[in-house]
Amino acid sequence: MTHDLIIVGTGPAGLTAGAYAGRSGLDVLFFERESIGGDLVNRHEVRSYPGFPDGISGTELRGKMVEAAEAYDPEVQLETVERIEPGEPHVLHTGGNEYEATAVILAPGGTEQRLGVPSEEEYEGRGVFHCAACDGPLYRDERIAVVGGRNHALIDAVFLTEYASEVLLVDSKPELDGDDTLVDEVTSHPDIEVRTDTTVTEVVGEDGLLTGVEVERGGSSETERLELGGLNVNVGCVPNTGFLEGTVDLDDEGRIVVDHRMESSAPGIYAAGDARQDSPLEIAAAVGDGTTAITAAKEYIARHGE
Ligand SMILES: Cc1cc2nc3c(=O)[nH]c(=O)nc-3n(C[C@H](O)[C@H](O)[C@H](O)COP(=O)(O)OP(=O)(O)OC[C@H]3O[C@@H](n4cnc5c(N)ncnc54)[C@H](O)[C@@H]3O)c2cc1C
């Protein structure tokens, strides 16, 4: 059986495309390898999403987006797409199964970037964490550091003050790279100490638990040990596009190259959200991409479908 459309990923980009596709009467199949809702599951508070001036919880927004997509009863397979053969139809391979579709929308998002310093992996889940919403409560009354200087790191630093006794915001750049209002919020927050121009060079621990990090101040080789109970690594994400190598063009960062209609280098295969080239890495942008991609995909399906 050839589906009209297969969507890879059920984050904001995929769910938006799916809701539009369902409304248009298309036969849609979703693939999801982890949890329905994508990265929204891990967001305690979503800011900068239109319509919610005071923010909205990731769980609530996820619930509404899933409900909108489910209204049209799409098929959902909890499987990882491992390979795609572009063609007419496109053939998607999972562990052992094959599925066909006239058009495909790739919305696989990204995975949190690591710092790449010694002992980081060893203390992953033993003091080193990425999801502030999931793991923040485990660090009650601890002194923790958030590494990163962009909006998402600043938001999480403020959130983590609800639990931690003190939050250090550590960034290697000379200045924080977030919106002015957020920078003001963290720099004036009584429980946040901002350390710019400071690079984490090593994670240290004892008896299998993190106890701190070594940092280096910009331009000097002098190191300092920061004693910590937790380390939130918040330095962006790497696109989940390994399975697409050789299928569609990827840029130097591994993001899917698209045109203004979100079409990839393979005709009939579109991309949306954090995984596409030059994405602003925001939910509003993912939602917009999903809308653009399904608009173009619908035209493709009308021309190439049975
Ligand atoms: C710490 C942090 C805080 C953030 N805070 C905000 C905020 O306040 N406001 C805001 O607008 N944005 C925020 N963002 C960004 C926002 O989460 C992303 O922009 C958004 O989730 C991207 O949506 P997406 O649909 O592209 O991908 P995702 O939400 O990442 O969803 C992709 C889905 O695809 C699935 N998948 C991947 N590969 C495969 C495969 N091969 N087969 C099957 N399924 C697959 C994944 O499991 C995942 O469920 C934040 C991000 C971070 C890291």
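When a ligand or atom number is given, it counts from 1 through the structure's own listing order.
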**Message:** Just checking Glu67: does its CD atom have more than 12 heavy atoms from other residues, nucleotides or ligands closer to it than 6.0 angstrom?
**Reply:** no
**Message:** Would you call the rings of Tyr49 and Phe52 parallel, tilted or perpendicular, taking 30° and 60° as the class edges?
**Reply:** parallel
**Message:** Below 3.5 Å, N or O to N or O, backbone or side chain included: is there any such pair between Glu282 and ligand 1?
**Reply:** yes
**Prompt:** What do you reckon, is CD of Glu227 surrounded by more than 12 foreign heavy atoms closer than 6.0 Å?
**Reply:** yes
**Request:** Give the residue, atom name and distance (to 0.1 Å) of the protein heavy atom nearest atom 8 (O) of ligand 1.
**Result:** Arg47 N, 2.9 Å
**Message:** Counting neighbours of CZ on Arg143 that are heavy atoms of other residues, nucleotides or ligands and sit closer than 6.0 Å, is the number greater than 12?
**Reply:** yes
**Request:** Please confirm whether the backbone N or O of Ser172 pairs with a side-chain atom of Thr199, one donor and one acceptor, at under 3.5 Å?
**Result:** no
**Prompt:** N/O to N/O below 3.5 Å, does that happen between Asp274 and ligand 1?
**Reply:** yes
**Message:** Both conditions, 6.0 Å and 45 degrees, for the charged tip of Arg23 above the ring of Tyr20: are they met here?
**Reply:** yes
**Asked** In terms of heavy-atom contacts, does CD of Gln113 have more than 12 from other residues, nucleotides or ligands at under 6.0 Å?
**Response** yes
**Prompt:** Do Asp135 and His130 have side-chain atoms, one donor and one acceptor, less than 3.5 Å apart?
**Reply:** no
**Item:** Heavy-atom neighbours of Tyr139 OH exceed 12 at 6.0 Å
**Value:** yes
**Request:** Can you label the angle between the Tyr300 ring and the Tyr270 ring as parallel, tilted or perpendicular, going by 30° and 60°?
**Result:** perpendicular
**Message:** Within the 4.0 Å heavy-atom shell around Glu34, which atoms of ligand 1 are there?
**Reply:** 47 (O)
**Prompt:** Given Ile283, Val287, Thr111, Leu244, which one has a non-hydrogen atom that is nearest to atom 12 (N) of ligand 1?
**Reply:** Ile283
**Request:** Considering the heavy atoms of Thr80, write down every atom of ligand 1 situated less than 4.0 Å from one of them.
**Result:** 41 (N), 42 (N)
**Asked** With only distance considered, is Glu32 within less than 3.5 Å of ligand 1 through an N or O on each side?
**Response** yes
**Complete:** If you scan protein heavy atoms around atom 1 (C) of ligand 1, the nearest is Asp156 OD2, 3.3 Å
**Message:** How far is atom 23 (O) of ligand 1 from the closest protein heavy atom, and which atom is that?
**Reply:** Pro12 CD, 3.3 Å
**Message:** Quick check on contacts: which atoms of ligand 1 are under 4.0 angstrom from a heavy atom of Glu45?
**Reply:** 8 (O)
**Polar proximity ligand 1 side, Ala13 side, N/O cut 3.5 Å exclusive** = yes
**Prompt:** Within a strict 4.5 Å, meaning less than it, do heavy atoms of the Val186 and Val158 side chains meet?
**Reply:** yes
**Message:** Would Asn234 count as a polar contact of ligand 1, with the cut-off being nitrogen or oxygen pairs under 3.5 Å?
**Reply:** no
**Message:** Just to be sure I read this right, does ligand 1 sit under 4.0 Å from the backbone of Arg43, its side chain, both, or neither, counting only heavy atoms?
**Reply:** side chain
**Asked** Is His130 near ligand 1, meaning one of its heavy atoms is under 4.0 Å from it?
**Response** no
**Prompt:** Nearest non-hydrogen atom to atom 21 (O) of ligand 1 belongs to which of Val46, Val233, Asp39, Leu106?
**Reply:** Asp39
**Region of Asp289 that comes within reach of ligand 1 [heavy atoms, distance under 4.0 Å]** = neither
**Complete:** Ranked by distance from atom 38 (N) of ligand 1, the top protein heavy atom is Pro108 CB, 3.5 Å
**Fill in**
Per-atom filter on ligand 1: closer than 4.0 angstrom to a heavy atom of Leu281 are 15 (C), 19 (O)
**Asked** Would a distance-only check, ignoring hydrogens and angles, find a side-chain to backbone donor-acceptor pair under 3.5 Å from Glu32 to Thr10?
**Response** yes
**Arg33-ligand 1 polar pair, N/O distance under 3.5 Å** = yes
**Asked** In terms of atom number and element, which parts of ligand 1 are under 4.0 angstrom from non-hydrogen atoms of Ser35?
**Response** 49 (O)
**Request:** Please could you name the atoms of ligand 1 that Ile155 approaches to less than 4.0 Å, counting only its heavy atoms?
**Result:** 8 (O)
**Item:** Shortest protein heavy-atom distance from atom 34 (O) of ligand 1, along with the residue and atom involved
**Value:** Gly9 CA, 3.2 Å
**Message:** For Arg114, I'd like to know if atom CZ has over 12 heavy atoms of other residues, nucleotides or ligands within 6.0 Å.
**Reply:** yes
**Prompt:** Does some non-hydrogen atom of Tyr49 fall short of 4.0 Å from ligand 1?
**Reply:** no
**Request:** May I ask you to decide if His93's main-chain N or O and Arg83's side chain share a donor-acceptor pair within less than 3.5 Å?
**Result:** no
**Asked** Considering distance alone, does some N or O of His152 sit under 3.5 Å from an N or O of ligand 1?
**Response** yes
**Complete:** Note: ligand 1 atoms sitting under 4.0 Å from heavy atoms of Gly273 are 26 (O)
**Prompt:** Salt bridge between Arg255 and Glu253, side-chain N to carboxylate O under 4.0 Å?
**Reply:** yes
**Atom indices of ligand 1 within 4.0 angstrom of Ala107 heavy atoms, with elements** = 32 (C), 33 (C), 34 (O)
**Message:** Donor-acceptor pair, distance only, cut-off 3.5 Å: does the side chain of Ser24 make one with the backbone of Leu26?
**Reply:** no
**Asked** Taking distance alone, with no angle check, do Phe243 and ligand 1 share an N/O pair under 3.5 Å?
**Response** no
**Prompt:** If you measure every N/O of Val8 against every N/O of ligand 1, is any gap under 3.5 Å?
**Reply:** no
**Asked** side chain to side chain contact (heavy atoms under 4.5 Å, CB included) with Leu106: which of Ile256, Val81, Thr241?
**Response** Ile256
**Asked** Closest non-hydrogen protein atom to atom 30 (O) of ligand 1, residue and atom name please, with distance?
**Response** Gly109 CA, 3.5 Å
**Asked** Of the protein's non-hydrogen atoms, which lies at the shortest distance from atom 41 (N) of ligand 1, and what is that distance?
**Response** Val81 O, 3.1 Å
